[in-house]
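Bear in mind that the values here come from a model prediction, so they are computed numbers and not experimental data. Within every chain, numbering begins at 1; the chains are lettered A, B, ... in the order of the sequence lines, protein sequences first and strands thereafter.
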Amino acid sequence: MQSQSETSVRLRFAPSPTGYPHLGNIRTALFNWLFARHHGGTFILRIEDTDVARKVEGAVDIILDSLRWLGLDWDEGPYFQSQRLLVYRETAQRLLDEDHAYLCYCSPERLEVMRQEQMKRKEPPKYDRRCRDLTQQQRTQLKATGITPVIRFKTPLEGETTFYDLIHDRMTFKHDTLDDFVLLKSDGYPTYHLANIVDDHLMAISHVLRAEEWLSSTPRHVLLYRALHWQAPQFAHLPMILGSDRAKLSKRHGATNISEYQQQGYLPDAMINFLALLGWSVDDRTELLSREELIKHFSLERVGKTPAIFNKEKLEWMNGVYLRRLSLGQFVDHAMPFLDRDLAKSVRRPLDENYVGRVLSLIQERAKTLGEVPQLASFFFLDELPYDTSLLSKGKLDAKSATKAMTIASQKLEEVLTWDATTLECILRSVATELNLSTGELFGLLRVAVTGRTAAPPLFQTMAVLGKDQCLKRFKMILQLLPACLN
RNA sequence: GCCCCCAUCGUCUAGAGGCCUAGGACAUCAGCCUUUCAAGCUGAAGAUCAGGGGUCCGAAUCCCCUUGGGGGCACCA
């Protein structure tokens, strides 16, 4: 049963389409989603596309695709701020009418120079409020110039603003450290500060969960809510996710876009599980949690305050766990697109699903990502293996005894009628005994012959899947190559 | 420069005054298993709880200072 108050839990994820969503953005989306789902609330998607200049084509689609891929389903939206400009303008006008805002005619160039000088004087860069108290005459004059003004908020000159953050508790900011920020830009678009509070109010957002980089602009938002006599939502500023150099995540850190993880073959469930543990935990030992468990246990009380560095090795491990937990059928379904994409062009398509299934049963527990499956399995599909002869000469056997072993093994295998792992093992073990070779020596040699590598799935199972013809063909191939590796 | 946040193994973290001679996970190393790899199992190493002061019978846990790291200070979000 949901209590009355829980039915009004409304969360939103509000990305801006100025780039592709990275791990940090997605972690924020996840926590909002988890919180909403935990409380039986509503999860809303809102696109904050108020920066015309920095808008990236296609970013919205990538954002939606990424959320869908991860299964972070939303109940409302996506709303687009660019389609709600009137609401922001009306609100800005109201602020103007009620003396909480004013028109500012200062040019960007002037502001830039001003900031430069402030920096030079080692002062905090802040708007100098030149247009805050213009006389009626100055106002008329400036209006006559035809310059399109921006609308700025009249930040109280004195006093301080306090609010309670669900994670950081009580926060207080002095007004004299704030300046008169822009609400409406000269192109008629709202700034983040305005659009954000207008929408959160209109969409009845109850909790704002966002990255800690927003903490210092929160007093502005609180001030705005007060000026408009609106009740502010509850804020929770989540710890940041940092790159390995401990700096804010950016392109420099490589592979931070969530879609890259999709392409590399990480599973949504593993991704979700891993991201949930960046800044949150259930207890002192639980690492693996299903979506349902995540929803069930999620709470802001267990969100930490320390910024986290993204640990790719752990993600890989976790993805491997999720990969191994898949049924063979599921694994095949997931891996098929990757095989299609990355297997050599020479491999005939469509791939035979039955054969792929037998191959992948040997690959599944060896893959950490779906992306490495084609590489791990390539020798099952290639007609001719690109042998690296140094692998042969590196073996424990010299070319002469290797040739002898291969010849005998070939002969024995020619006669095999039931080509299965058990039979093959039985026969080849006896070959080893007969030649007075250790199993390691013989099998190692055969492994290179069959797979072209020294590390591969179990030899006999591999041979069984590959089939008699293909195996014997590879043996012949090796026999031809061996003389070249003399000494 | 100003404002704000943060501080436990390399990394993710548990810890809300005595259960901590600080627990778990990834990574690392060793052993077992074994035809290689992987997986699995067992074990090891790894944190004087950033440093210094307090408070207290008692502090990783509370307070202060220092240091370090991060974030913000746009007609970007």
Side-chain angles (χ1 to χ4, degrees), chain A residues 14-19 48-51 53-54 104 106-108 111-112 115 118-127 148-152 165 168 171-174 176-179 181-187 189-193 195-196 211-219 237 239-240 242 244 246-248 274 277-288 301-302 304-318 320-321 324 362-368 376 425 428-429 432 438-448 451 453-460:
Chain A
S16 81
T18 50
E48 310 224 319
D49 52 351
T50 55
D51 187 340
R54 292 201 314 153
C104 169
C106 296
S107 71
L111 296 174
E112 188 50 39
R115 269 192 292 271
Q118 286 169 333
M119 303 276 257
K120 219 177 287 175
R121 275 179 272 137
K122 306 215 170 197
E123 284 170 16
K126 275 167 32 180
Y127 176 54
T148 317
V150 301
I151 298 179
R152 284 185 186 272
D165 184 279
H168 297 276
M171 298 292 315
T172 298
F173 291 81
K174 290 195 177 63
D176 61 18
T177 63
L178 271 27
D179 70 351
F181 55 96
V182 173
L183 297 170
L184 203 69
K185 304 183 252 184
S186 56
D187 64 1
Y189 278 73
T191 58
Y192 170 84
H193 303 303
N196 163 68
E212 203 184 287
E213 55 185 322
W214 295 108
L215 194 52
S216 31
S217 40
T218 306
H237 288 91
M240 307 269 295
L242 272 23
S244 45
R246 301 197 156 273
K248 193 172 161 182
F274 178 77
L277 260 21
L278 243 37
W280 175 83
S281 63
V282 231
D283 55 31
D284 63 338
R285 54 195 65 246
T286 311
E287 305 283 343
L288 269 11
E301 286 81 68
R302 296 203 61 86
K305 297 179 182 176
T306 14
I309 294 171
F310 173 69
N311 179 195
K312 188 156 189 218
E313 284 71 43
K314 187 160 177 178
L315 203 217
E316 278 173 4
W317 161 77
M318 194 174 275
V321 172
R324 273 174 256 128
L362 299 178
I363 299 300
Q364 185 168 8
E365 71 175 59
R366 293 174 169 75
K368 284 191 163 39
L376 288 170
E425 175 161 10
L428 292 170
R429 276 191 189 282
S438 74
T439 50
E441 287 167 329
L442 179 64
F443 299 165
L445 171 66
L446 298 185
R447 179 171 300 106
V448 171
T451 68
R453 31 181 110 167
T454 53
L459 181 61
F460 312 115

Tell me whether the side-chain N/O atoms of [X] come closer than 4.0 Å to OP1 or OP2 in [N].
X      : N     : answer
A:T50  : B:A77 : yes
A:R285 : B:A25 : no
A:K126 : B:G1  : no
A:S216 : B:G71 : no
A:K312 : B:C12 : no
A:R429 : B:U35 : yes
A:K314 : B:U28 : no

Spacing between [X] atom [atom1] and [N] atom [atom2], to the nearest angstrom:
X      : N     : atom1 : atom2 : answer
A:I363 : B:A39 : CD1   : P     : 14 Å
A:I309 : B:A27 : CD1   : C1'   : 14 Å
A:F181 : B:C76 : CZ    : P     : 14 Å
A:N196 : B:G72 : CG    : C1'   : 16 Å
A:E316 : B:A39 : CD    : P     : 12 Å
A:L178 : B:A74 : CG    : C1'   : 14 Å
A:R115 : B:A74 : CZ    : C1'   : 5 Å
A:L442 : B:U36 : CG    : P     : 13 Å

Could you tell me how far [M] sits from [N] if I compare only their [atom1] atoms? Round to whole Å.
N     : M     : atom1 : result
B:U61 : B:C19 : P     : 13 Å
B:C37 : B:U28 : P     : 15 Å
B:U8  : B:G69 : C1'   : 15 Å
B:U66 : B:A77 : P     : 36 Å
B:C49 : B:A59 : C1'   : 11 Å
B:U21 : B:C26 : P     : 26 Å
B:G1  : B:G53 : P     : 28 Å
B:U35 : B:A47 : P     : 38 Å

For a quick check of understanding: with a heavy-atom distance under 4.0 Å over all strands, which category does [X] fall into, base, sugar-phosphate or nothing?
X      : answer
A:K185 : base
A:L278 : sugar-phosphate
A:P15  : nothing
A:T439 : sugar-phosphate
A:Y127 : nothing
A:G279 : sugar-phosphate
A:E287 : base
A:P190 : sugar-phosphate
A:C106 : base
A:K248 : sugar-phosphate
A:K368 : sugar-phosphate
A:R121 : nothing
A:P457 : base

A:E112 side, atom CD; A:C106 side, atom SG - distance, nearest 0.5 Å: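 Going from CD on A:E112 over to SG on A:C106, the span is 13.5 Å.
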Between atom CG of A:N311 and atom CH2 of A:W317, what is the distance when rounded to the nearest 0.5 Å? 11.0 Å
Tell me which nucleotide, if any, is Watson-Crick or G-U wobble paired with [N] when both distances must be under 3.5 Å.
N     : answer
B:A25 : B:U11
B:G40 : B:C32
B:G58 : none
B:C2  : B:G72

Using side chain to side chain contact (heavy atoms under 4.5 Å, CB included), reason through A:H237 and A:M171 one step at a time and then give a plain yes or no. CA-CA 11 Å; A:H237 288 91; A:M171 298 292 315; over 6 Å; no
Selected nucleotide, minimal atom distance to [X] side chain, candidates [options]:
X      : options             : result
A:L459 : B:G1, B:U35, B:C75  : B:U35
A:D51  : B:U13, B:A77, B:U35 : B:A77
A:R366 : B:U35, B:A77, B:U36 : B:U36
A:A308 : B:C76, B:U36, B:C12 : B:C12

If the sugar-phosphate is the primed atoms plus P, OP1 and OP2 and the base is the rest, what is the B/S/- string for nucleotides 5-10 of chain B, using protein heavy atoms under 4.0 Å? SSSS--
Give me the distances for all protein-to-nucleotides 40-42 of chain B N/O pairs that come in under 3.5 Å?
none

With nearest nucleotides of RNA chain B determined for A:E213 and A:S107 from heavy-atom distances, which residue corresponds to the more 5′ nucleotide? A:E213
Please figure out whether A:A456 or A:V150 has its closest RNA chain B nucleotide nearer the 5' end.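 By nearest-heavy-atom nucleotide position, the 5'-most residue is A:A456.
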Please verify the inter-ring angle class for A:H193 with A:F181; under 30° counts as parallel, over 60° as perpendicular, anything in between as tilted.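 Perpendicular: the ring planes of A:H193 and A:F181 meet at over 60°.
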Show the numbers, then the answer: is there a side chain to side chain contact (heavy atoms under 4.5 Å, CB included) between A:S16 and A:Y192? CA-CA 10 Å; A:S16 81; A:Y192 170 84; over 6 Å; no
